[in-house]
Amino acid sequence: MTPASIVACNIYITAASSQSSTLLSLLRRAQDQCRQLCHHQEEQQQNFDFGDFDRHTNSNNNDITTITASSYDASSSSRDNNNKRGSRIAPVAIVHAYADIPYDRSSFHLAGRSDFVSDVASALICNALNEIDLKDCADKYSTTTTTSSNNSRKSGEEKKGGESTRHPFVGLVDHVSVMPILTSQHPITSNDHDDDDDDDNNSSDNLTKQCKAAAANAARVIGSRMSATNLVNVHYYGMACPENTPLATVRREQTSFFESGGAMMGVSSTKERNGTTSTTAVQQKKVAWKGDTTIGSPVEFVENFNIRLTSNVDFDRAKTLTQFLRGRNMEKRGYGVAGVEALTLPYARDTSEGGNVYEVACNLTTPKEGSADEIRLQLAKWIDRQRQELSGNRDGGGVTEDDGDAGKFNYEYFVEDAYTVGTTEEQCMRVLSGKRMEAEDIRSGTVFWEDYDKEVYHKFQDFL
């Protein structure tokens with residue numbers, strides 16, 4: 001049995017405001033389950049030495065614990081007591097929940113012991129599969145076309161909420177990522193006992209290997225429980241896959257991800273002419289009632305960063321920024337950010353909310369090397385190139401922001417917002433350690449978990 005370590009789990013569901021009541025119920029039940037697991041561990045710690053603690057549920061057991069929705073009555077004392085003792089962080093928590101209405105997409109972000117995280121994530125996911133009514137999902141996820149989006153690339157005038165404007169997807173539960181939190185350097189194992197003589201087991205390298213193995217095992221446990229519902233086709237990637245296949249490759253070769261939603265606008269003209277898209281191969285596979293799911297474990301914590309452009313930037317120009325950020329272009333083209341995967345997507349809104357624009361969505365697969373700050377620096381270089389081009393000075397002939405013609409082509413002309421999406425390793429550890437993310441919200445150095453859960457819940461409610 002793989003020892004448990006601290007991991008994070010991101011769950012992405014292809015639903016938002018139309019399923020708000022169900023999504024809020026899923027969040028509340030997951031939070032209740034987290035408190036119950038924490039309370040259970042606290043009771044065990046009070047009665048037994050932690051080294052003798054056998055977890056109440058084997059992480060390889062495929063049974064799913066379904067928690068009935070209830071109010072915030074459960075005690076949060078277990079996590080508070082852990083914080084007061086200073087000996088251990090909270091064993092599991094819902095760190096963040098988010099809904100992006102234009103993309104019709106919601107996400108739940110968990111962190112904690114890998115075995116506890118796999119339990120909570122599995123229950124949330126399987127409840128979503130059983131409760132969200134998406135009767136036409138099999139047809140919807142396998143018959144997307146590129147015609148409508150190709151006709152509107154220049155103007156960006158896609159119908160709000162249409163298939164060509166939502167986030168790319170392959171199923172109801174589109175993607176599940178279980179990531180090692182390597183900055184913790186402290187595994188919370190199911191048979192964790194102090195052994196000062198075993199220096200090898202306590203080495204940094206072994207802790208890293210153990211954490212990665214725990215994340216991969218948790219992904220496989222969640223995937224097996226999803227498969228048991230017979231509602232989805234599960235595709236593993238990364239460390240959860242025997243071949244360690246990257247997520248992008250799995251999406252391209254085994255699913256219709258890049259021919260769905262807003263990604264349809266990026267289908268190359270060559271593929272369109274030849275009709276050789278991955279959808280052909282995908283259609284030969286059995287179509288599950290609730291679509292496909294990609295689930296896996298990357299070798300590092302993956303961060304997400306989006307750049308929302310203004311209406312001054314059309315699709316073709318937005319694509320140049322995508323190319324400018326992709327890490328794979330560093331060696332051949334001399335620009336890019338290490339480890340960054342990027343995709344150009346339409347972002348459709350009512351005129352009153354800013355109208356239809358484009359976003360460049362980035363996965364930071366090695367955020368310590370290719371960080372959000374590096375993306376911002378590269379974005380500034382891209383803006384400078386666009387300013388030179390729009391001012392008629394492609395060779396960089398001395399035009400600056402102070403010059404009359406180029407002065408209007410500043411950051412605000414191109415960029416509406418650039419922001420981190422989801423969570424970071426530091427954020428997960430801060431929350432598990434009982435600290436507020438915003439300095440002004442720190443109250444006597446501790447977090448009362450009922451208040452924190454309510455805060456996450458109400459923010460998610462506002463997003464919806």
Side-chain angles (χ1 to χ4, degrees), residues 100 102-103 149-150 152-158 164-168 248 251 257-258 261-269 302-349 354-367 369-396 399-401 406-422:
D100 200 327
Y103 287 148
S149 58
N150 292 338
S152 56
R153 285 185 176 188
K154 295 293 184 180
S155 65
E157 295 178 354
E158 297 82 13
S164 63
T165 60
R166 71 189 309 169
H167 193 282
R251 281 174 163 170
F257 180 86
F258 291 107
M264 290 190 294
M265 301 189 69
V267 176
S268 68
S269 58
V302 175
E303 296 180 11
N304 303 108
F305 191 87
N306 287 359
I307 301 171
R308 188 176 306 152
L309 301 169
T310 68
S311 58
N312 297 316
V313 181
D314 62 15
F315 179 71
D316 289 337
R317 192 175 297 278
K319 284 199 303 182
T320 67
L321 174 59
T322 300
Q323 293 291 342
F324 208 72
L325 296 176
R326 283 176 173 163
R328 69 190 188 198
N329 291 327
M330 292 180 67
E331 184 175 348
K332 292 184 178 180
R333 301 187 183 185
Y335 50 73
V337 179
V340 168
E341 301 170 342
L343 190 64
T344 314
L345 299 173
Y347 196 80
R349 302 171 296 187
N356 297 345
V357 293
Y358 294 98
E359 274 199 342
V360 176
C362 302
N363 289 339
L364 285 63
T365 64
T366 56
E369 183 180 5
S371 65
D373 288 340
E374 290 296 322
I375 290 180
R376 293 181 187 278
L377 289 173
Q378 200 70 4
L379 173 61
K381 294 178 181 179
W382 176 82
I383 290 174
D384 186 61
R385 285 196 177 195
Q386 305 314 302
R387 182 168 57 247
Q388 299 290 347
E389 179 179 321
L390 292 171
S391 302
N393 292 270
R394 294 172 182 247
D395 58 354
V399 177
T400 68
E401 290 189 19
K408 68 176 182 178
F409 301 128
N410 55 17
Y411 181 93
E412 289 75 18
Y413 180 87
F414 297 100
V415 180
E416 179 181 312
D417 196 9
Y419 57 100
T420 296
V421 187

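- In terms of heavy-atom proximity, Thr344 sits nearest to Lys319 at OG1-CA, 3.7 Å.
- The side chain to side chain contact (heavy atoms under 4.5 Å, CB included) test with Ile383 singles out one residue from Arg385, Arg387, Gln386, and that residue is Arg387.
- Rounding to the nearest 0.5 Å gives a distance of 9.5 Å between SG of Cys362 and CZ of Arg326.
- Nearest heavy atoms, Leu343 versus Pro168: CD2-CG, 4.0 Å.
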Could you list the donor-acceptor pairs under 3.5 angstrom formed by side chains in residues 327-336, with sequence neighbours left out?
{"unit_1": "Asn329", "atom_1": "ND2", "unit_2": "Gln323", "atom_2": "O", "d": "2.7"}
{"unit_1": "Asn329", "atom_1": "ND2", "unit_2": "Gln323", "atom_2": "OE1", "d": "3.0"}
{"unit_1": "Arg333", "atom_1": "NH1", "unit_2": "Gln323", "atom_2": "OE1", "d": "3.3"}

>> Go through it in stages, so that I can follow the logic: the residues are Leu325 and Ile307, the test is side-chain contact (heavy atoms from CB on, under 4.5 Å), and I'd like the CA-CA distance, side-chain angles, deciding distance and then a yes or no.
In response: CA-CA 11 Å; Leu325 296 176; Ile307 301 171; 3.7 Å; yes
Side-chain donor-acceptor pairs under 3.5 Å in residues 369-378, sequence neighbours left out?
{"unit_1": "Ser371", "atom_1": "OG", "unit_2": "Asp373", "atom_2": "N", "d": "3.4"}
{"unit_1": "Ser371", "atom_1": "OG", "unit_2": "Glu374", "atom_2": "N", "d": "3.3"}
{"unit_1": "Arg376", "atom_1": "NH2", "unit_2": "Ala418", "atom_2": "O", "d": "3.2"}

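- How far OG1 of Thr420 is from CG of Asn304: 9.0 Å, rounded to the nearest 0.5 Å.
- Taking CG from Asp100 and CD from Glu359, the interatomic distance works out to 6.5 Å, rounded to the nearest 0.5 Å.
- Closest non-hydrogen pair, Pro102 versus Arg349, comes out as CG-CG, 4.0 Å.
- One distance of note links CG of Asn306 with CD of Glu416; it measures 12.0 Å at 0.5 Å rounding.
- Scanning both residues, Arg317 and Leu390, for their nearest heavy atoms gives NH2-CD2, 3.4 Å.
- Taking 4.0 Å as the cut-off between side-chain N and carboxylate O, Glu341 and Arg251 do not count as a salt-bridged pair.
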>> Working note: Phe324 + Val360, criterion side-chain contact (heavy atoms from CB on, under 4.5 Å); need CA distance, chi angles, decisive distance, verdict.
In response: CA-CA 11 Å; Phe324 208 72; Val360 176; over 6 Å; no
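- A cation-pi arrangement is present between Arg308 and Tyr347, with the terminal nitrogen or guanidinium carbon under 6.0 Å from the aromatic centre and inside a 45° cone about the axis.
- For the atom pair OH (Tyr358) and CG (Leu345), the distance works out to 11.0 Å, reported to the nearest 0.5 Å.
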>> Working note: Val357 + Leu309, criterion side-chain contact (heavy atoms from CB on, under 4.5 Å); need CA distance, chi angles, decisive distance, verdict.
In response: CA-CA 6 Å; Val357 293; Leu309 301 169; 5.6 Å; no
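- Classification of Lys381 and Asp384 as a salt-bridged pair fails, no side-chain N sitting under 4.0 Å from a carboxylate O.
- The distance from the OH atom of Tyr413 to the CG atom of Asn312 is 4.0 Å, given to the nearest 0.5 Å.
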> Going through the distances and angles, do Thr320 and Glu389 end up as a side-chain contact (heavy atoms from CB on, under 4.5 Å)?
Replying inline: CA-CA 12 Å; Thr320 67; Glu389 179 179 321; over 6 Å; no
